[in-house]
Amino acid sequence: MSNSATSASNRINMLLDENSFVEVGGYVTARSTDFNMTAQETPADGVVTGYGTIEGNLVYVYSQDASVLGGSIGEMHAKKISNIYGMAMKMGAPVIGLLDCAGLRLQEATDALQGFGSLYLNQTLASGVVPQISAVFGTCGGGMAVSAALTDFTFMEGKNGKLFVNSPNALEGNYTAKCDTSSADFQSSETGIVDFTGTEEEVLSQIRTLVSILPANNEDDMSYDECTDDLNRVCEGIEGWAGDTAEALKTVSDDNFFMEVKAAYAPDMVTGFIRLNGTTVGCVANRTEVYGEDGEKKETFDSGLTAKGCEKAAEFVDFCDAFNIPVLTLVNVNGYRAVKCTEKKIAKAAAKLTYAYANATVPKVAVIVGQAFGSAYLTMCSKAIGADIVYAWPNAAIGMMDAKEAVKIMYATEIAKADNATAMISEKAAEYAQLQSSALAAAKRGYVDDIIEARDTRKRVIAAFEMLFTKREERPAKKHGTV
């Protein structure tokens with residue numbers, strides 16, 4: 001057996017529990033007679049398919065074999081993957097694709113296209129029913145890149161993985177050395193298609209972790225885990241992480257577990273999974289600071305919503321809603337990012353995120369940890385669009401805009417005539433903040449359910465989700481929304 005054939009099977013064995021893999025369709029070969037294909041052996045038609053377990057949980061797997069015609073997709077290759085999808089749908093178990101594919105098999109033309117189209121259909125039918133995960137270890141080009149993008153989560157090996165619709169050299173004015181648009185770095189930070197990158201071992205380990213925290217399907221939730229952490233644990237110093245909310249989420253989670261999704265893409269918006277009392281919870285949070293492992297600040301952002309951040313969060317909320325995963329939101333937003341590239345897409349992107357939150361029927365809890373200003377605050381899972389419980393830390397500011405900016409507009413004439421404009425602005429701003437943009441003012445109107453001490457966030461959020469466990473909420477009868 002060749003090295004890549006070994007790696008196709010080896011990847012499966014490294015991914016799954018020991019000795020749990022059962023191959024399906026091992027004897028399938030291509031049936032084409034064109035271009036002397038009859039003389040060419042195509043063992044398993046270039047893809048190893050079957051099922052096994054991850055931490056005892058059933059999963060279906062296919063792994064492409066680059067030693068057989070480059071791992072190209074022919075008619076039978078595609079049929080084998082579609083067969084695995086059919087079994088996964090019947091049994092309600094995740095599908096994991098380990099990709100290393102030269103593209104469509106040219107010798108089989110329309111047969112290959114038909115088979116590949118059937119795979120698209122199966123992926124579409126499975127979307128929102130069973131989790132779909134893809135991992136790119138070699139080439140994933142053309143239509144296969146679309147297949148990867150149809151899955152819920154995409155992993156990519158950092159050195160040898162190549163993901164592209166058009167190769168870098170096919171783009172006018174570009175070439176690989178100038179900008180490798182097929183690289184893991186580009187696909188994770190610029191396009192946002194790739195959720196996680198790393199070595200082959202890291203990728204397979206991350207997939208195991210992800211499968212262990214996700215439901216098997218949209219009806220049976222087997223993702224609970226025993227909680228060994230104190231449910232009433234005090235989160236000392238969490239208010240210091242109001243800027244880097246990824247760290248705040250770690251602090252709140254059972255045993256500080258946090259699996260961030262699309263970390264390299266739109267880092268001003270955090271998405272990922274934590275555990276609360278053993279239950280998987282999806283998290284969305286605004287972020288204004290990023291700290292490195294050494295404790296040094298690496299990056300800062302203003303607290304405005306960006307188009308990329310909204311799209312990233314909307315996709316994540318949609319996934320959580322499809323699989324009945326509760327959503328926790330940490331809010332710290334002062335409006336929309338005011339730059340030209342954001343302005344091109346922000347209205348539609350913010351509409352998508354607003355829709356995703358409002359449309360989601362899973363338990364939704366929001367904690368306002370900093371600012372919550374203007375319609376951007378409404379978009380971030382406010383009471384107005386359907387949050388079940390909204391908490392605020394004592395120093396949170398909630399309202400139309402920053403108090404000083406509001407005062408400059410409201411008292412423009414008086415300030416122009418004042419002997420000491422600075423003092424007047426400060427005085428009026430303090431009054432406005434207390435009456436119109438404090439956590440207390442919002443709580444008095446019922447827009448905030450309670451003002452909580454930051455250190456009590458873990459126990460209050462756990463209690464809220466426990467209360468919301470049996471939540472049922474209907475939506476108007478319709479085929480689907482159109483946002």
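Counting begins at 1 with the first residue of the sequence. Values below: all heavy atoms of this structure, side chains included; hydrogens, waters and symmetry mates excluded.
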For [X] against [Y], the heavy-atom pair lying closest together:
{"X": "Phe116", "Y": "Ala78", "value": "N-CB, 3.8 Å"}
{"X": "Ala148", "Y": "Cys140", "value": "CB-SG, 4.2 Å"}
{"X": "Val165", "Y": "Ala145", "value": "CG2-CB, 4.1 Å"}
{"X": "Asp100", "Y": "Gly138", "value": "OD1-CA, 3.5 Å"}
{"X": "Val327", "Y": "Cys320", "value": "CG2-CB, 3.8 Å"}
{"X": "Asp220", "Y": "Pro215", "value": "O-CB, 4.1 Å"}

Item checked: Evaluation steps, side-chain contact (heavy atoms from CB on, under 4.5 Å), between Thr191 and Tyr265 -> CA-CA 8 Å; Thr191 70; Tyr265 184 72; 5.8 Å; no
Is the closest basic N to carboxylate O distance between [X] and [Y] below 4.0 Å?
{"X": "Glu247", "Y": "Lys250", "answer": "yes"}
{"X": "Arg475", "Y": "Glu473", "answer": "yes"}
{"X": "Arg208", "Y": "Asp17", "answer": "yes"}
{"X": "Asp268", "Y": "Arg287", "answer": "no"}

Nearest-0.5 Å distance, [atom1] of residue [X] to [atom2] of residue [Y]:
{"X": "Asp229", "Y": "Asn256", "atom1": "CG", "atom2": "CG", "value": "7.0 Å"}
{"X": "Leu58", "Y": "Asn217", "atom1": "CG", "atom2": "CG", "value": "10.5 Å"}
{"X": "Arg337", "Y": "Cys310", "atom1": "CZ", "atom2": "SG", "value": "10.5 Å"}
{"X": "Gln132", "Y": "Ile96", "atom1": "CD", "atom2": "CD1", "value": "11.5 Å"}
{"X": "Asn277", "Y": "Tyr224", "atom1": "CG", "atom2": "OH", "value": "10.0 Å"}
{"X": "Glu157", "Y": "Lys162", "atom1": "CD", "atom2": "NZ", "value": "10.0 Å"}

Note to self: Walk me through whether Leu276 and Val252 qualify under side-chain contact (heavy atoms from CB on, under 4.5 Å).
What the structure shows: CA-CA 8 Å; Leu276 291 176; Val252 169; 3.8 Å; yes
Could you label the plane-to-plane angle of the [X] and [Y] rings as parallel, tilted or perpendicular, counting under 30° as parallel and over 60° as perpendicular?
{"X": "Tyr62", "Y": "Tyr85", "result": "tilted"}
{"X": "Tyr60", "Y": "Tyr51", "result": "tilted"}
{"X": "Phe196", "Y": "Phe153", "result": "tilted"}

Next item on the list: Spell out, as yes or no, whether a donor-acceptor pair under 3.5 Å connects the side chain of Thr151 to the backbone of Thr154.
Entry: no
Item checked: Working for side-chain contact (heavy atoms from CB on, under 4.5 Å), residues Tyr120 and Ser147 -> CA-CA 7 Å; Tyr120 284 166; Ser147 177; 4.1 Å; yes
Quick one: do the [X] and [Y] side chains pair a donor with an acceptor below 3.5 Å?
{"X": "Ser303", "Y": "Asn332", "result": "no"}
{"X": "Tyr357", "Y": "Ser382", "result": "no"}
{"X": "Asp180", "Y": "Ser182", "result": "yes"}

Considering only heavy atoms from C-beta outward, does the side chain of [X] approach that of [Y] to under 4.5 Å?
{"X": "Met87", "Y": "Met91", "result": "yes"}
{"X": "Phe273", "Y": "Leu210", "result": "yes"}
{"X": "Thr49", "Y": "Asn83", "result": "no"}
{"X": "Leu328", "Y": "Leu249", "result": "yes"}
{"X": "Arg458", "Y": "Leu231", "result": "yes"}
{"X": "Ile213", "Y": "Asp225", "result": "no"}
{"X": "Gln64", "Y": "His77", "result": "yes"}
{"X": "Lys297", "Y": "Val290", "result": "no"}

Next item on the list: Quickly, which of Val284, Thr329, Asp388 forms a side-chain contact (heavy atoms from CB on, under 4.5 Å) with Lys364? Name it, please.
Entry: Asp388
Margin query: So for atom NZ, which belongs to Lys298, do other residues, nucleotides or ligands contribute more than 12 heavy atoms lying within a distance under 6.0 Å?
Written below: no
Next item on the list: Take Thr176 and Asn169 through the test side-chain hydrogen bond (donor to acceptor under 3.5 Å, both in side chains) and record every step on the way to the result.
Entry: CA-CA 6 Å; Thr176 303; Asn169 294 338; 3.3 Å; yes
Checklist line | Test side-chain contact (heavy atoms from CB on, under 4.5 Å) applied to Ile325 and Phe319, step by step | finding: CA-CA 8 Å; Ile325 299 170; Phe319 174 82; 3.9 Å; yes
